[in-house]
Amino acid sequence: LLALTILGSNSAIPAFGRNPTAQLLQTEECSFLIDCGEGTQTQLARYKLRNSKLSYIFISHLHGDHYFGLIGLLTSMSLLNRTQELHVYGPEPLGKIIEIQLEAGEVSLNYPLHFHPLKQEGIICQTGKMEIQCFKMQHRIECWGFLFKEIKNPRSVDTAKAKTYEIPLAFYEQLKRGENYIHKDGRIIQNAEVTTAAPKARSYAYCADTLYDENIANKIKGADLIYHESTYLKEEQQKAFQRYHSTTIQAANIAKIAETKQLIIGHFSSKYEKLEAFLAEAKEVFENTTLAVEGSCYKI
Ligand SMILES: [Zn+2]
Ligand SMILES: [Zn+2]
């Protein structure tokens, strides 16, 4: 299971039934919340997404449309008797913001909250099955994108065959890494005899608020699914530039250069009620594009 649900697709303010930015990436192991605009906890409840598996929150930057829902979610989880630890990643001042909000209300959370300030590009976190990297966006203030990648062994064990060669279960991890097995009678069982190539590790790239920057495409090259902000239509390229945002065509160009399979565009400006033109324009450059719509779910 690797599935992404859109919780909020709008920029700046809630408008036309669209919420500010938030997304949930689910795996069997745990869930990752990416940005947490106002109303995120309500959205999680609306789509029946449980907080109990949520162990990691990533905040791209400190514009309100990306984190004003955070303190509400953090305190609600405490009120709901959460006990397992939670990790929050974001720009350094976020740690202070959370602290002051909790202190002012004399709130102490029921669960351990660990804040990790983002400092440089690279791997920031590894769970058993996922590795998360951050990379810089080109926005008016410090802003980060996130790349979620499965950690996969290169080989899968053919258990029926492994049994016929009497390979113990304890050796399966080494088989998955490609090692040969030396049988107790001295025979060498070649790895390829008992394993097959594992399916490719899947990945998802989240590109938050940014100017058009081809370097970003290189950092997320080959990701199966990419989300890229597209605040404006192409005719507003000048405005997008002045406000450190991207257009439909620019988002689609990043997807094309990054050679992804699918692109989601979102972070729509609140001045647009209808979004058909966003889709049509992006598709001119990158055919497999969809609009971020609240409640839509993508299986990666
Ligand atoms: Zn924004
Ligand atoms: Zn922003």
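Residue indices begin at 1 and follow the sequence shown. These numbers were taken from a predicted model, which means no experiment stands behind them. Hydrogens, waters and symmetry mates are skipped; everything else that's a heavy atom, side chains included, is used. Remember, it's 1-based here, ligands and their atoms both numbered in the order they're listed.
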Show the numbers, then the answer: is there a side-chain contact (heavy atoms from CB on, under 4.5 Å) between Ile220 and Thr260?
-> CA-CA 9 Å; Ile220 59 173; Thr260 185; over 6 Å; no

Tyr298 vs Thr290, side chain to side chain donor-acceptor pair (under 3.5 Å): CA-CA, chis, key distance, verdict = CA-CA 10 Å; Tyr298 298 82; Thr290 57; 2.8 Å; yes

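- For His139 atom NE2 and His61 atom NE2, the angle they make at the Zn ion (ligand 2) is roughly 100°, to 10 degrees.
- Both the sub-6.0 Å distance and the 45° axial angle are not jointly satisfied by Arg140 relative to the ring of Tyr244.
- Here His267 contributes NE2 and His66 contributes NE2, and at the Zn ion (ligand 1) these two atoms make an angle of 100°, given to 10°.
- Nearest N/O/S atom of His63 with respect to the Zn ion (ligand 2) is recorded as ND1.
- Between the side chains of Ser60 and Asp35, at least one donor-acceptor pair of N or O atoms lies under 3.5 Å.
- With respect to the Zn ion (ligand 1), Asp65 has OD2 as its nearest N, O or S atom.
- Residue-level check: among N/O/S atoms of Asp209, OD2 sits closest to the Zn ion (ligand 1).
- A side-chain N or O of Arg46 and one of Gln43 form a donor-acceptor pair less than 3.5 Å apart.
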